[in-house]
Amino acid sequence: MSGAKSGVQKRISDVVPSSLYVHCTAHNLNLVIADVAKSSLKISTFFDIVQNIYLFFNQSAPRWASLAFGNDIANQIQKKVLKKVCNSRWEARHSSVYALKENFINVLKSLTNISLTSKKSDELNRAKSLFKKMQSFGFVLLIIIWENVLKPLSVVSKMLQCSQISIHQASEFLQIGINSIKIMRHNYEELVESAKNMCLKWGIQFQNENKRKIYSKKLFGEVDGDRRLQDIIEEKFYVSVFLPLVDTALFQLEYRFKGLKIVSNTFNFLLPPNIIKLNEAEIVKSCYDFIQFYKTDVTSDLTSQVLSLKEFIKNTDMKTIKELCLYLIENDLSSLYSEVVTSCIIFLSLPKLISQDQLTNISILNIERARTEELDVEKLILDFANQKSRKKIFFK
């Protein structure tokens with residue numbers, strides 16, 4: 001679909017050079033988070049541990065009951081239960097991480113109880129293994145980091161899936177998510193302190209462990225490696241885990257949504273608030289760039305029409321390009337501002353969401369392409385225009 005050499009978007013752009021390709025924003029966001037999860041080995045194994053914890057309790061009714069209904073049934077029912085790690089919707093993993101964080105101490109208690117009372121060797125070994133992994137400071141720190149990464153992106157993902165969202169709104173929400181991650185990048189110390197507080201609350205040791213240092217054999221003439229981070233868990237985690245995670249997220253968000261930003265910036269001057277706010281030089285520059293891009297659809301009259309429209313809509317409360325287009329048509333101003341209306345229609349014709357019915361119709365056209373090629377497209381458009389043309393009764 002998005003191939004740069006033989007994809008659908010490349011074939012369309014060869015026929016219509018002014019066409020712009022924008023990948024599905026919600027799906028693109030999932031791909032971003034999937035790439036972030038592969039930025040380091042420790043990060044990629046984190047969700048495997050979360051999933052194993054869920055499966056360990058979910059596969060046995062007694063184990064799930066011991067976790068959910070512990071000593072105080074009334075209080076436990078009100079808390080979040082563990083959530084399955086979703087393989088397809090990465091933004092939904094925020095629920096999994098948040099549920100584990102809220103039930104962390106209960107999970108540890110339940111694993112301890114199973115380790116002491118279970119007579120099944122497999123169950124006993126799995127409980128001890130999960131307990132040991134959860135008792136590490138690095139795992140707790142990853143819970144804090146992932147929750148702070150997934151929390152804004154989960155909100156953005158839900159907004160991007162709304163059928164009424166516009167391209168400009170989607171671009172704004174994405175920028176909010178990018179800004180929140182940029183702020184988090186400079187607040188690593190706060191995340192570490194939050195993880196240490198959680199460890200103190202849960203009784204987990206976070207001091208440096210005295211481990212035997214393993215060094216590879218140094219050959220003759222080889223420069224000694226940098227071993228300064230061997231004894232400092234927080235700094236080593238910062239360099240090898242935190243920075244790759246955050247930088248991958250920021251890079252992928254910028255790279256994968258480049259097409260969306262191009263479309264948003266191209267039509268940004270048509271937003272009614274921007275028409276009112278921009279000065280004359282900025283409007284002329286934006287209109288010139290737009291005319292150069294859509295030179296076969298829009299004429300140079302667009303600049304004068306937008307400048308004239310600036311005073312005309314000053315006292316209105318329109319926010320979107322769709323509202324502007326409807327306003328001009330409903331007030332019989334489409335002939336006076338024909339280039340503005342054409343520009344609005346170009347923007348509104350950009351596909352944002354494709355329904356199942358539309359996909360089915362496209363599939364039928366592709367299956368019956370032999371008959372499709374025989375259709376007279378010009379005649380179909382003319383017949384459609386004649387049937388849908390506005391008719392007015394001048395004499396009553």
Side-chain angles (χ1 to χ4, degrees), residues 32-54 56 80 82-83 85 90-112 128-154 177 180-211 213 226-253:
V32 169
I33 305 174
D35 290 336
V36 173
K38 301 174 185 175
S39 58
S40 71
L41 179 62
K42 188 176 286 293
I43 295 173
S44 63
T45 58
F46 170 76
F47 281 104
D48 292 336
I49 299 174
V50 176
Q51 179 73 340
N52 289 334
I53 293 171
Y54 167 80
F56 178 75
K80 276 185 169 287
L82 295 181
K83 299 288 186 180
V85 175
W90 272 86
E91 55 87 15
R93 299 199 175 196
H94 176 250
S95 300
S96 304
V97 176
Y98 179 72
L100 180 59
K101 177 184 174 184
E102 290 296 303
N103 288 276
F104 197 91
I105 190 65
N106 296 324
V107 173
L108 289 179
K109 288 180 180 178
S110 182
L111 290 174
T112 303
K128 288 182 178 180
S129 175
L130 293 173
F131 182 83
K132 183 178 180 180
K133 292 175 181 177
M134 291 179 64
Q135 281 282 77
S136 67
F137 174 71
F139 184 78
V140 176
L141 185 55
L142 272 176
I143 290 178
I144 301 298
I145 292 173
W146 266 114
E147 188 194 4
N148 282 271
V149 170
L150 293 174
K151 185 167 30 176
L153 295 184
S154 64
S180 65
I181 295 178
K182 286 182 178 179
I183 293 173
M184 187 190 72
R185 190 183 191 278
H186 300 289
N187 294 332
Y188 177 71
E189 293 78 9
E190 295 182 6
L191 298 176
V192 172
E193 287 300 319
S194 177
K196 288 182 177 180
N197 293 333
M198 299 295 284
C199 288
L200 290 174
K201 179 181 176 182
W202 295 333
I204 298 175
Q205 182 182 2
F206 58 85
Q207 284 80 11
N208 297 341
E209 299 177 359
N210 294 323
K211 292 185 178 181
K213 299 174 184 176
D226 189 358
R227 301 172 179 174
R228 292 174 297 172
L229 303 177
Q230 292 291 333
D231 298 328
I232 307 174
I233 296 178
E234 295 86 349
E235 292 187 11
K236 183 179 179 181
F237 197 92
Y238 176 76
V239 173
S240 61
V241 178
F242 179 74
L243 286 181
L245 187 154
V246 176
D247 291 342
T248 302
L250 292 174
F251 172 77
Q252 291 293 336
L253 285 171

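Quick caveat, the model's predicted, so the values are computed rather than measured.
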Do you know the tightest heavy-atom contact between [X] and [Y]?
| X | Y | value |
| --- | --- | --- |
| Thr248 | Pro244 | OG1-O, 2.5 Å |
| Ala195 | Leu141 | CB-CD1, 3.7 Å |
| Ile144 | Asn148 | O-ND2, 2.6 Å |

Could you work out, with ring-ring contact (aromatic ring centres under 6.0 Å, His included) as the rule, every residue matching Phe131, not counting sequence neighbours?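 In terms of ring-ring contact (aromatic ring centres under 6.0 Å, His included), with neighbours along the sequence ignored, Phe131 is linked to no residue.
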ring-ring contact (aromatic ring centres under 6.0 Å, His included) with Phe56: which residues, sequence neighbours excluded?
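Once residues adjacent in sequence are excluded, Phe56 has no partner under the ring-ring contact (aromatic ring centres under 6.0 Å, His included) criterion.
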I would like to know whether Met134 and Leu100 meet side-chain contact (heavy atoms from CB on, under 4.5 Å); could you show each step before the answer? CA-CA 10 Å; Met134 291 179 64; Leu100 180 59; 4.2 Å; yes
Applying salt bridge (charged side-chain N to carboxylate O under 4.0 Å, His left out) to Lys151 and not counting sequence neighbours gives none
Practice problem: Output all residues satisfying salt bridge (charged side-chain N to carboxylate O under 4.0 Å, His left out) with Asp247, sequence neighbours left out; order by chain, then residue number. | Solution: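 With sequence neighbours excluded, Asp247 shows a salt bridge (charged side-chain N to carboxylate O under 4.0 Å, His left out) to Arg185, given in chain and number order.
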Could you go step by step and tell me if Trp146 and Leu245 meet the side-chain contact (heavy atoms from CB on, under 4.5 Å) rule? CA-CA 9 Å; Trp146 266 114; Leu245 187 154; 4.0 Å; yes
Calculate, to the nearest 0.5 Å, the distance between atoms CG and CD belonging to Leu142 and Glu147 respectively.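 The CG atom of Leu142 sits 12.5 Å away from the CD atom of Glu147.
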**Asked** With sequence neighbours excluded, what pairs up with Ile49 under the side chain to side chain contact (heavy atoms under 4.5 Å, CB included) test?
**Response**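 Testing Ile49 for side chain to side chain contact (heavy atoms under 4.5 Å, CB included), a comparison that skips the adjacent residues, returns Ile53, Lys133, Phe139.
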Sequence neighbours excluded, the answer for side chain to side chain donor-acceptor pair (under 3.5 Å) partners of Lys182 is none
